[in-house]
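Accompanying notes for the structure given below.
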Protein chains: 2
Amino acid sequence: MLSKKAKYAIKTILFLQDHPDLLPISAKAIAEKEHIPYKFLENILRDLKSHQLVKSIRGAEGGYALAKDPSQISIAQVMRAMDGPIALIPCISERFYESCAECEDEETCRIRRLFAEVRTEMVEILERPITTLAKERE
Amino acid sequence: MLSKKAKYAIKTILFLQDHPDLLPISAKAIAEKEHIPYKFLENILRDLKSHQLVKSIRGAEGGYALAKDPSQISIAQVMRAMDGPIALIPCISERFYESCAECEDEETCRIRRLFAEVRTEMVEILERPITTLAKERE
DNA sequence: TATATATCCTATAAAAAAGATAGGAATTAT
DNA sequence: ATAATTCCTATCTTTTTTATAGGATATATA
């Protein structure tokens with residue numbers, strides 16, 4: 001399951017996408033509208049920023065806006081920024097690789113091979129732009 | 001990421017699949033060979049049994065064996081038995097449905113629509129028999 | 001029938017992760 | 001100068017995960 005952090009982050013991204021104003025939007029406003037604990041959201045926005053998903057403007061009248069076009073943002077990007085690896089086991093993660101403590105030989109590990117296939121296909125799904133997924137249906 | 005419990009469970013399933021003996025295999029033997037804490041494994045086996053993935057024989061010379069043909073067992077089944085929902089958010093889970101506390105209208109919720117599509121495709125991948133995934137390559 | 005080897009069951013402890021909050025420093029528009 | 005805001009570090013709380021403990025129940029076999 002997705003963490004609350006990642007869910008809040010996606011809500012935030014969608015909210016910013018819906019409000020492509022000239023002015024940035026404050027964390028306070030997002031927290032209120034999306035019912036996210038304010039201080040928690042601050043942490044989330046910091047992570048989103050460090051992963052280049054949002055940009056910020058400091059000071060009074062400051063706030064946040066998307067750092068790139070929504071068509072360039074995927075669920076996978078948000079999940080990685082918030083929760084880490086997409087892969088179900090660490091030894092086949094591309095960005096968060098870690099060997100399994102007990103593993104004797106990755107080359108022949110069947111669990112690894114099993115989940116390598118799964119990861120490839122899951123990434124394919126999660127890498128699609130949120131715009132192509134979140135769009136309204138007629 | 002997969003929980004250790006689910007990972008141990010998959011190791012156990014693969015182990016049982018590799019040893020289709022006439023005699024059942026004891027938890028002790030599995031724990032030793034697969035480096036799984038014995039008492040933890042007991043809990044796992046109980047869950048696997050209650051989900052009809054393994055069967056057991058009690059008493060001396062007792063133990064465990066797969067409850068069905070490996071071709072009928074998927075990663076999804078094991079994940080559901082150990083960790084619960086496959087879906088990334090509870091409101092689109094088929095077997096573990098829960099409404100989101102704050103959600104005002106599921107019909108129009110974009111997050112929900114977003115992850116409904118993702119779930120459909122993820123389930124498709126994870127429902128495939130482990131035999132088709134875990135098989136050796138030439 | 002006694003014994004050893006198992007599964008089965010409930011409960012609890014320990015460790016780790018997730019979720020949330022606190023307090024204040026730095027920045028900037030008005 | 002002030003108010004609104006991002007930014008940063010630290011800590012607390014709650015929940016989940018991982019693991020262990022102790023014993024009840026079943027059964028093959030010597």
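Numbered from 1 within each chain, the chains take letters A, B, ... in sequence-line order. This is a predicted model, so every value here is computed, not measured.
Side-chain contact between A:Glu34 and A:Thr12 is absent, with no heavy atoms from C-beta onward closer than 4.5 Å. The side-chain heavy atoms of B:Ile125 and B:Ile75, taken from C-beta on, include no pair separated by under 4.5 Å.
The phosphate of D:dC7 has OP1 or OP2 within less than 4.0 Å of a side-chain N or O from A:Ser56. A close approach under 4.0 Å does occur between a side-chain nitrogen or oxygen of A:Lys49 and OP1 or OP2 of D:dC7. In this structure, A:Lys4 reaches the C:dA20 phosphate: one of its side-chain N or O atoms is under 4.0 Å from OP1 or OP2.
When rounded to the nearest whole Å, the span between CG of B:Leu23 and C1' of C:dT5 equals 14 Å. When the C1' atom of D:dT17 is taken as reference, atom CG of A:Asp83 falls 16 Å away, rounded to whole Å. Atom-to-atom, NZ of A:Lys11 to P of C:dG19 comes out at 13 Å; the value is rounded to the nearest Å. In this structure, CG of A:Asp47 is placed 11 Å from P of D:dC8, rounded to the nearest angstrom. C:dT27 atom P lies 16 Å from atom CD of A:Glu42, rounded to whole Å. One atom, CG of B:Leu45, and another, P of D:dA19, lie 15 Å apart when rounded to the nearest Å. If you take NZ of B:Lys5 and P of C:dA17, they are 18 Å apart, rounded to a whole angstrom. In this structure, B:Ile36 places its CD1 atom 13 Å from P of D:dT20, rounding to the nearest Å.
One hydrophobic cluster, built from ILVMFWY side chains closer than 4.5 Å, holds both B:Val78 and B:Phe40.
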Salt bridge (charged side-chain N to carboxylate O under 4.0 Å, His left out) evaluation trace for B:Asp18 with B:Lys33: CA-CA 12 Å; B:Asp18 289 345; B:Lys33 298 278 177 53; over 6 Å; no

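Both A:Ala60 and A:Tyr8 lie near DNA chain C, and the one whose nearest nucleotide falls closer to the 5' end is A:Tyr8. DNA chain D is contacted by both A:Arg46 and A:Glu61; A:Glu61 maps to the nucleotide lying nearer its 5′ end (nearest heavy atom per residue). If you find the closest nucleotide of DNA chain C to A:Gly59 and to A:Ala6, the one lying nearer the 5' end belongs to A:Ala6.
Using a 4.0 Å heavy-atom cutoff across all strands shown, B:Ile57 reaches sugar-phosphate atoms only and no base atom. Within 4.0 Å (heavy atoms only), B:Tyr64 reaches sugar-phosphate atoms of the nucleic acid but no base atom.
Taking only distance into account, the side chain of B:Arg58 meets the base of D:dT25 through a donor-acceptor pair shorter than 3.5 Å. Between the side chain of A:Lys39 and the base of C:dG19, no donor-acceptor pair of N or O atoms lies under 3.5 Å. For B:Asn43 against D:dT17, a side-chain-to-base donor-acceptor contact under 3.5 Å is absent.
Ion pairing between B:Glu94 and B:Arg80 fails under the 4.0 Å rule for side-chain N and carboxylate O.
Of all nucleotides listed (D:dT18, D:dT20, C:dT7), D:dT20 comes nearest to the side chain of B:Pro37.
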